[in-house]
Amino acid sequence: MKQKIGVVGLGRGFMAMGQSLRHHPDVALAAAADPSPEVRDRFSADFDLPTYESIEELCVQSDCDIVYIASPHQFHRSHVLTAAASHKHILLEKPIALTLADCDAIIEAVDRAGVAMVVGHTHAFDPPVQAMRQMIADGTYGKLRMINLWTYTDFLYRPRRPEELDTSAGGGILFNQLPHQMDIVRHVGGGLLKSVHARLGAWDDTRPTEGASVVMFEFQDGCFGSMTYSGYAHFLTSELNGGIGENGLQVDDTRYGSARRKLQELNDPDAEFLLKRGSGYAGKGLPDPSANTLHPTFGTLIATCDRADIRHLPAGVGIYADHCKTVQSVSLGRGSENRSSVVDELVDAIRSVAPPVHDGRWAKATLEACLAVAKSNETGLPVSLEHQVAVSNDKH
């Protein structure tokens, strides 16, 4: 029997996840909640399903089994507590919360209610990342020694609400892009980070939040590496991945610089908000999943083992071994929506098939590492981590 799912927040998160929810064989969309009448009307027209103004109404009045929480970050704690109190299973967008105290409250509420929770999507769910982890866990190419991840995007110049440019309100790369990188690195490396040493850059007064970072990290087993991120819309790492970007689609080079130019032309927060709304679900609906035939590439990821470098590619995993290089193709999984693996993990947890990897404790560990990046940037010193957890589903 399919699990009925109610969506809370009909924004970019739902726009990215919606087709996976719509076409997944084990779940069925049942309802949605959003404070905007316009976006609720769009959902009703698209799906002929009930809508509500608040999560409280959805939890009480709908018959959903799962609540997908895709609301702004600052509401995650209160929305999870509401869903857990109603004994709903939870799919929560990253980051889990904005503070470790909020993480603890979320974990306690989920444990007390006895419901399943998965925190995602992050690009650690991407099938090539999962395949890389399995090769490393199996010891196929010897011990993992180093991980490097470079990601250059136009993140900072996509249309934003004001709070998305305010780090204290959950904006900038610290809460939006570093969780992707940190989850990838933690997943490939086994989860147990030991410390981080980092610098952050905020270089555009018109976008007053951090837009760049370099993070050196070390795992408890001695593996080390680095993550570099820039969202300043100049070089894009899609150029290193055959032109394939973070949604698995070909990047249109003819539109180079268009994001920055559009914002400069608008030069007005209210107009930018309208542009954001028009480019989101309310304005465009859900994307066509048939366009996705390759894996997303969130930058260039290379794991160095004793006998090979292993690289994430749009078609799978590139293996640069001692005497030959090959590409191991990796299936897109269920359909071509790219995010079905998130739903798979939650459904398996609900059905007691397997415990989730990306549960509250995993997500807290990722947030701890991201917050440590900010602390290291302030002090100039490495920061030790105390709440790390291991990948729980390595298959040996």
Side-chain angles (χ1 to χ4, degrees), residues 3-9 13 17 33 54-60 62 64-122 124-125 168-170 174-176 178-180 182-183 186-187 191-193 220 342-343 345-375 383-393:
Q3 300 286 323
K4 297 179 181 178
I5 189 163
V7 179
V8 177
M17 183 69 78
S54 70
I55 185 175
E56 290 81 6
E57 292 175 301
L58 182 144
C59 286
V60 170
S62 75
C64 63
D65 309 295
I66 301 168
V67 175
Y68 167 45
I69 298 174
S71 50
H73 308 332
Q74 63 266 35
F75 300 116
H76 284 188
R77 173 177 172 161
S78 63
H79 286 176
V80 169
L81 267 57
T82 297
S86 299
H87 297 282
K88 309 293 186 184
H89 301 293
I90 298 161
L91 178 58
L92 175 63
E93 276 291 334
K94 57 82 186 163
I96 179 175
L98 300 182
T99 69
L100 296 184
D102 283 351
C103 292
D104 291 337
I106 286 171
I107 293 167
E108 180 184 357
V110 169
D111 287 350
R112 184 171 59 248
V115 296
M117 181 176 75
V118 167
V119 182
H121 176 264
T122 68
F125 284 93
S168 65
L174 192 69
F175 294 104
N176 294 279
L178 285 188
H180 282 296
M182 202 67 75
D183 251 21
R186 290 188 59 239
H187 199 91
L192 296 174
L193 280 178
Q220 293 178 16
V342 187
V343 186
E345 187 168 312
L346 180 60
V347 171
D348 284 349
I350 292 170
R351 295 176 175 175
S352 300
V353 173
V357 176
H358 303 86
D359 61 7
R361 289 169 178 82
W362 175 274
K364 176 185 175 181
T366 293
L367 181 66
E368 178 195 28
C370 292
L371 295 176
V373 167
K375 184 176 180 180
V383 175
S384 298
L385 303 173
E386 301 176 357
H387 304 290
Q388 297 298 290
V389 295
V391 174
S392 62
N393 70 340

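- To the nearest 0.5 Å, atom CE of residue Met182 and atom CG of residue Leu174 are 8.5 Å apart.
- Judged by distance alone, with hydrogens and angles left aside, the side-chain atoms of His358 form no donor-acceptor pair with the main-chain N or O of Ala363 at under 3.5 Å.
- A heavy-atom distance below 4.5 Å is not found between the side chains of Cys64 and Ile5.
- To the nearest 0.5 Å, atom NE2 of residue His187 and atom OG1 of residue Thr366 are 11.0 Å apart.
- A side-chain donor-acceptor contact under 3.5 Å links Gln388 and Arg186.
- Asp359 contributes no side-chain N or O that, together with a main-chain N or O of Met117, makes up a donor-acceptor pair within less than 3.5 Å.
- Taking OG1 of Thr82 as the reference point, atom CD1 of Ile90 lies at 9.5 Å (rounded to 0.5 Å).
- For the pair Lys364 and Arg361, the minimum side-chain heavy-atom distance is 4.5 Å or more.
- Listed by chain and number, the residues in a ring-ring contact (aromatic ring centres under 6.0 Å, His included) with His180 are His123, Phe298 (sequence neighbours excluded).
- Side-chain contact between Ile66 and Ile350 is present, with heavy atoms from C-beta onward closer than 4.5 Å.
- Annotation: side chain of Ile96 is not in contact with side chain of Trp362 (no heavy-atom distance under 4.5 Å).
- Lys94 places a side-chain N or O within 3.5 Å of a backbone atom of Asn176 that can act as its donor or acceptor partner.
- Listed by chain and residue number, nothing satisfies the side chain to side chain donor-acceptor pair (under 3.5 Å) test with Lys375 (two or more places apart in sequence, or in another chain).
- For Glu345 (side chain) and Val118 (main-chain N/O), no donor-acceptor pair under 3.5 Å exists by modelled atom type.
- Partners of His89 according to the ring-ring contact (aromatic ring centres under 6.0 Å, His included) rule, which considers only residues two or more places apart in sequence or in another chain, do not exist here.
- Ser384 OG to Leu193 CG: the interatomic distance, rounded to the nearest 0.5 Å, is 11.5 Å.
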